[in-house]
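Structure first, then comments.
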Amino acid sequence: TILLSLSPMSHHIATVALEQSLVAGCELVLNDTRPGRAPLDWILETGATYVMGVPTHAIDIQAAMKRRDLQQLGKVKVFYMAGAPIPEETARTFLDQGTLPQNVYGMTENGSHQYTLPNDDRDTIVKTAGRCCDVYEVKIFLQDNANIEAQPGAVGEIGGRGAMLMLGYFDDQSATENSFNHDGYLMSGDLGWLDPRGNLHFVSRKKDLIIRGGHNIYPARIEDLALRHTRVQKAAVFPIADDRLGEKVCLAIIARDGAILDAYEVLEHLHCVGLSKFDMPEYFIQLDTFPLTPSGKVLKRELVELAKGGHIKPGAVRWIDPAKAKEA
């Protein structure tokens with residue numbers, strides 16, 4: 001196995017890569033691409049068979065493959081993705097290309113404790129983060145009370161405990177105490193739910209939750225549906241402050257191959273793939289790039305600040321059901 005990490009060594013994914021290479025004897029390749037070389041070039045040049053990164057890496061690599069008309073990702077057998085929700089379309093594309101996507105969930109504080117397995121069925125691999133490893137347990141707690149477990153199948157905050165859990169934050173007793181509930185579960189700050197088979201369904205970062213007039217809206221679902229549009233390469237959903245409703249929803253997209261997308265075309269697509277009218281974006285903007293962390297995650301708080309400061313100017317949009325508009 002030649003294991004290539006696309007994340008920097010300061011990120012949890014790269015430390016997991018190092019640990020795996022030490023335990024299993026893999027050859028480890030770090031993200032040290034030369035100037036002007038893309039991650040896809042590095043994967044092909046090194047002959048990587050196992051790649052680890054965040055979904056942004058995967059989306060960019062698939063776009064590069066499409067531009068080069070590549071039907072297969074070199075010698076890559078498995079593509080491990082963590083750090084953010086994995087769009088279903090991204091996972092499906094890998095499966096269709098003969099690369100097995102591994103959906104992984106965890107944190108630096110508790111390791112990659114949740115993951116899909118090679119023998120899982122297609123739906124489990126595409127739609128869930130799989131089941132917990134043997135040395136860790138996960139439960140779902142009420143969003144407003146971390147000491148009360150949520151009802152089966154309900155969305156709540158993901159908490160976990162077990163042998164992979166940290167002892168605490170170095171030299172910060174207050175942060176340590178505030179991160180655990182009364183039963184010793186580390187509260188992740190993430191929202192999700194468990195299906196009857198124990199598979200974790202990630203919904204959203206708790207801080208990313210948009211509350212519009214008392215209605216909870218989960219950005220990850222809108223982003224996932226937007227990415228099913230054939231000309232949308234990346235999507236990010238963030239809040240716009242509103243005096244009456246508190247927050248409204250803004251959808252930002254990056255289009256494939258320089259395409260210009262009409263906002264109403266994208267809203268119509270969201271409707272057709274199942275987004276509720278109550279979750280429809282009320283602002284839309286097309287950008288060339290998103291602000292990213294060094295590990296490749298979208299910095300939504302920067303998008304919020306850019307919009308607030310007028311540096312980007314999302315346009316107001318309103319989706320109307322064509323059938324009802326015709327009746328009117």
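Here the structure is a predicted model, which is why all the values come from computation and not from measurement.
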Just how far is it from atom [atom1] of [X] to atom [atom2] of [Y], taken to the nearest 0.5 Å?
| X | Y | atom1 | atom2 | answer |
| --- | --- | --- | --- | --- |
| Leu165 | Phe180 | CG | CZ | 4.5 Å |
| Asn216 | Leu191 | CG | CG | 8.5 Å |
| Lys75 | Thr46 | NZ | OG1 | 9.5 Å |
| Glu282 | Trp319 | CD | CH2 | 13.5 Å |
| Tyr80 | Ser5 | OH | OG | 9.0 Å |
| Leu299 | Leu306 | CG | CG | 10.0 Å |

When you measure from the side chain of [X] to the backbone of [Y], do you find a donor-acceptor pair of N or O atoms at a distance under 3.5 Å?
| X | Y | result |
| --- | --- | --- |
| Ser204 | Tyr218 | no |
| Asp120 | Ile125 | no |
| Glu223 | Pro87 | no |
| Glu247 | Ile211 | yes |
| Asn181 | Asp183 | yes |
| Thr116 | Gly130 | no |
| Tyr283 | Lys248 | no |
| Asn110 | Met107 | yes |

What are the two closest heavy atoms between [X] and [Y], and how far apart are they?
| X | Y | answer |
| --- | --- | --- |
| Asp121 | Arg197 | OD2-NH1, 3.2 Å |
| Pro8 | Ala14 | O-CB, 3.0 Å |
| His269 | Arg228 | CE1-C, 3.6 Å |
| Cys26 | Gln20 | SG-O, 4.2 Å |
| Pro314 | Ile240 | CG-CD1, 4.4 Å |
| Gln286 | Ala259 | NE2-O, 2.7 Å |

Taking the side chain as C-beta and beyond, is there a heavy-atom pair between [X] and [Y] under 4.5 Å?
| X | Y | result |
| --- | --- | --- |
| Gln233 | Lys66 | no |
| Ser179 | Glu109 | no |
| Met164 | Cys133 | yes |
| Glu265 | His229 | yes |
| Pro281 | Leu270 | yes |
| Arg37 | Glu45 | yes |

Same cluster (ILVMFWY, side-chain, under 4.5 Å), [X] and [Y]:
| X | Y | value |
| --- | --- | --- |
| Met52 | Leu100 | yes |
| Leu251 | Leu303 | no |
| Met81 | Leu18 | no |
| Val317 | Leu275 | yes |
| Val51 | Val54 | no |

Legend entry - Audit row: Gln97, Met65, side chain to side chain contact (heavy atoms under 4.5 Å, CB included) steps and yes/no: CA-CA 11 Å; Gln97 292 171 345; Met65 289 176 66; 3.6 Å; yes

With the threshold set at 4.0 Å, does a side-chain nitrogen-carboxylate oxygen contact exist between [X] and [Y]?
| X | Y | answer |
| --- | --- | --- |
| Arg122 | Asp96 | yes |
| Lys234 | Asp60 | yes |
| Lys127 | Asp224 | no |

Just checking [X]: does its [atom1] atom have more than 12 heavy atoms from other residues, nucleotides or ligands closer to it than 6.0 angstrom?
| X | atom1 | answer |
| --- | --- | --- |
| Arg301 | CZ | no |
| Arg318 | CZ | no |
| Lys77 | NZ | no |
| Leu167 | CG | no |
| Asp288 | CG | no |
| Asn178 | CG | yes |

Legend entry - Worked verdict on Val29 versus Trp42 for side chain to side chain contact (heavy atoms under 4.5 Å, CB included): CA-CA 9 Å; Val29 181; Trp42 193 229; 3.6 Å; yes

Inset, instruction - Would you please classify the geometry between the Tyr105 ring and the Phe202 ring as parallel, tilted or perpendicular, with 30° and 60° separating the classes? - result: tilted

Inset, instruction - Quickly, which of Asn199, Asp195, Thr124 forms a side chain to side chain donor-acceptor pair (under 3.5 Å) with Arg131? Name it, please. - result: Asn199

Legend entry - Sole candidate of Leu209, Asp208, Ile222 that passes side-chain contact (heavy atoms from CB on, under 4.5 Å) when paired with Ile217: Ile222

Legend entry - Option from Asn103, Ile158, Leu200, Val104 for which side-chain contact (heavy atoms from CB on, under 4.5 Å) with Gln114 holds: Leu200

Inset, instruction - Please lay out, stage by stage, how His215 and Asp279 fare under the test side chain to side chain contact (heavy atoms under 4.5 Å, CB included). - result: CA-CA 9 Å; His215 173 60; Asp279 293 348; 2.6 Å; yes

Legend entry - Test item: side-chain donor near acceptor, Ser112 and His12, under 3.5 Å: yes

Legend entry - Donor + acceptor pair across side chains of Asp171, Gln173 (<3.5 Å): no

Inset, instruction - For the pair Gln102 and Tyr50, evaluate side chain to side chain contact (heavy atoms under 4.5 Å, CB included) and give the outcome as yes or no after the intermediate values. - result: CA-CA 10 Å; Gln102 187 179 32; Tyr50 176 21; 3.9 Å; yes

